[in-house]
> 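Next up is a structure, given as structure tokens.
Sequence lines set the chain letters: A, B, ... in the order given, protein chains first and strands last, and positions in each chain run from 1.
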Amino acid sequence: MSKVDLKEIAKQEEELTGGHRLCSGCGASIIVRQVMRATEDPVVVGIATGCLEVSTTIYPYTAWKGSFIHNAFENVAATISGAESAFRSLKRQGKLEGDTKFLAIGGDGGTYDIGFQSLSGALERGHDMVYLCYDNGAYMNTGIQRSSATPRNASTSTSPDGEVIPGKQQFKKELTDIVAAHNIPYVAQASPHNFRDLIKKARKAFEVEGPAFLNVLAQCPRGWRHPEGEGLDILRAATDTCFWPLFEVENGEWKLNYIPREKAPITDWLKPQGRFKHLFKDKNKYLIDEIQEHVDQRWETLLHRTGEK
Amino acid sequence: MSDKILMKGNEAIAEAAIRAGCTHFFGYPITPQNELPAYMAEKLPEQGGVFLQAESEVAAINMVYGASAAGARVMTSSSSPGISLKAEGISYIAGAELPCVIVNMVRAGPGLGGIGPSQSDYFQATKGMAHGDFRLAVLAPDSVQEAVDLTRQAFDIADKYRNPVMILGDGVIGQMMEPVEFKEIDSPELPEKDWIVDGAEGRERNIIHSLRLKTEDLTEHNWKLARKYEQMQEDEVRYEEKLMDDAEVAIVAYGTTARVVKTAIKEARAEGIKVGLIRPISLFPFPKKVIKKAAQQVDCFLTVEMSTGQMVEDVRLAVNGERSVAFYGSPGGAVPSPAEILVKLKEVME
């Protein structure tokens with residue numbers, strides 16, 4: 001990987017400009033700006049239907065300086081596959097010169113759920129592209145419906161907490177692991193509060209030949225129910241509690257990028273978010289224990305897998 | 001005191017479905033119908049029913065297939081792009097003769113289009129939807145109350161004909177709040193569901209399938225389906241006529257548009273223009289007889305739709321060249337105003 005000089009990177013021109021209509025405190029735009037700074041080549045950006053797509057491209061306006069393509073909800077990986085294939089063909093024919101990067105972006109709905117088939121297909125075919133998932137753990141664009149990335153017991157509009165059922169019943173899908181099972185050159189999990197780590201990972205993702213995948217946790221003040229200014233602190237808690245471990249898989253080799261000195265209790269992650277409020281009622285305390293147990297197991301697995309234990 | 005309560009269209013349809021005995025709902029998020037699955041997510045489990053959010057529209061409609069095959073009263077809802085994804089499953093459901101109710105809160109297309117109200121899915125809904133020789137019964141409410149009433153009827157029609165039924169609304173019908181009453185309605189006599197797959201204990205096994213490789217089997221099956229649709233033409237036509245007794249012009253419009261047309265007609269009548277409304281409520285079966293009859297009375301027709309002209313083709317088929325049929329369309333997600341319609345009406349009459 002080429003050297004990441006944050007001072008130099010900070011001087012780079014924004015590819016996603018201000019004036020878009022994402023909510024105040026949204027994680028998606030921060031993530032995109034960090035990721036886009038990791039390359040100086042022109043980038044063709046495709047986005048699946050979702051908050052980021054809708055809010056940055058309200059016709060006739062666009063917040064994107066470079067080439068941008070949106071198609072539908074389920075197919076951003078396929079759409080970028082097509083663009084990348086065309087680019088390769090034109091380059092082979094001598095009709096295009098220079099390096100161009102291809103970046104497909106989806107939220108968790110467009111990546112974990114409906115877009116999973118096209119993602120898997122693109123990874124298997126081996127397109128030279130980066131897929132970035134900004135995972136805020138629900139369909140925020142349509143009004144906070146549960147997704148397969150929604151954490152267990154989160155209350156959403158289609159997994160409401162009630163007298164009997166305390167929010168979503170399932171644990172979230174470990175998509176990063178599933179993507180790693182495609183044996184692609186580079187897979188990483190990151191978070192924008194640790195921008196040095198995220199930008200490094202984005203640099204690696206852009207530089208490898210073949211598909212790369214970044215799964216980045218994104219706060220959503222509306223869906224997570226927290227004050228707009230606290231998003232990055234909550235993301236930090238996600239990594240300190242090991243709810244969202246920062247790791248990478250480079251050519252099959254697993255590596256943990258952050259091991260908290262002392263693992264924080266899962267309540268540090270749950271407590272600041274209104275979507276978990278019901279868990280702190282006396283009758284639901286056992287659920288917090290179950291979530292803690294699940295996180296502990298997952299962390300143990302990762303420690304073994306990365307050779308830390 | 002009346003039993004009316006103020007409800008959003010999407011939620012009212014969900015409540016009406018639960019009261020109609022819907023026990024299973026399979027959904028996927030899309031604007032402008034999200035209140036419907038959210039309501040089901042909250043209320044269905046309380047009734048012992050099943051709410052399930054699938055990973056895509058494709059999955060949701062095939063869950064409907066499974067639940068219907070097992071004998072459940074089942075529903076799904078979506079909006080235009082999502083309905084396109086469900087199209088394959090709907091074809092299989094129709095081919096396998098399974099009853100279900102599908103709600104489409106239409107948004108302006110094509111492609112991602114917009115989220116404004118539209119009637120641009122008329123062709124898709126009434127002309128077979130997907131591959132193969134089949135039809136949906138399509139009901140188009142123009143108010144939240146009518147949406148409630150038609151939801152109940154939709155389940156009964158589905159069970160009677162063993163065929164999917166679509167409720168075709170738009171963002172206005174889905175998002176608007178109006179007072180509604182949930183009337184107790186006696187169930188019509190419906191055929192026994194002796195075809196379901198529920199374990200076959202003590203009886204011959206049932207097979208539900210849409211694959212028919214033998215030409216003669218498929219031919220016979222398709223004619224059987226065609227007879228069902230003919231029967232619907234006989235028994236399931238629904239429409240409203242307003243001020244047609246002395247009308248010299250008939251406006252044909254459905255759903256949200258028909259409400260605006262009613263205002264336009266009121267204003268036109270105040271100016272002495274003799275204009276009436278024919279409002280198809282069932283879009284399939286289409287009320288062609290009433291339009292054909294009106295052609296003997298009025299000088300001309302005007303069809304108003306939130307599209308570039310879809311239902312107008314069915315109006316022209318029914319009129320069969322006997323009178324002129326003009327069209328006024330608003331295809332971009334905007335509801336036409338009464339004033340626009342009045343201008344067009346006067347132009348048509350000249």
> Record all donor-acceptor atom pairs with a distance under 3.5 Å between chain A and chain B; write none if the list is empty.
from: I114(A); atom 1: N; to: E55(B); atom 2: O; distance (Å): 3.2
from: Y139(A); atom 1: OH; to: Y28(B); atom 2: OH; distance (Å): 2.9
from: T142(A); atom 1: O; to: N34(B); atom 2: ND2; distance (Å): 2.9
from: Q145(A); atom 1: NE2; to: N34(B); atom 2: OD1; distance (Å): 3.3
from: R146(A); atom 1: O; to: Q53(B); atom 2: NE2; distance (Å): 2.5
from: T158(A); atom 1: OG1; to: Q53(B); atom 2: OE1; distance (Å): 2.5

> Could you tell me which portion of I30(B) (side chain, backbone, both or neither) has an atom closer than 4.5 angstrom to a non-hydrogen atom of chain A?
backbone

> Count the heavy-atom pairs under 4.5 Å between each of G111(B), P37(B), A41(B) and chain A, then report the option with the highest count.
A41(B)

> Does a sphere of radius 6.0 Å around CD1 in I115(B) hold more than 12 heavy atoms from other residues, nucleotides or ligands, not counting ones at 6.0 Å or beyond?
no

> Checking heavy atoms, do the side chain of P32(B), its backbone, both or neither come under 4.5 Å from chain A?
neither

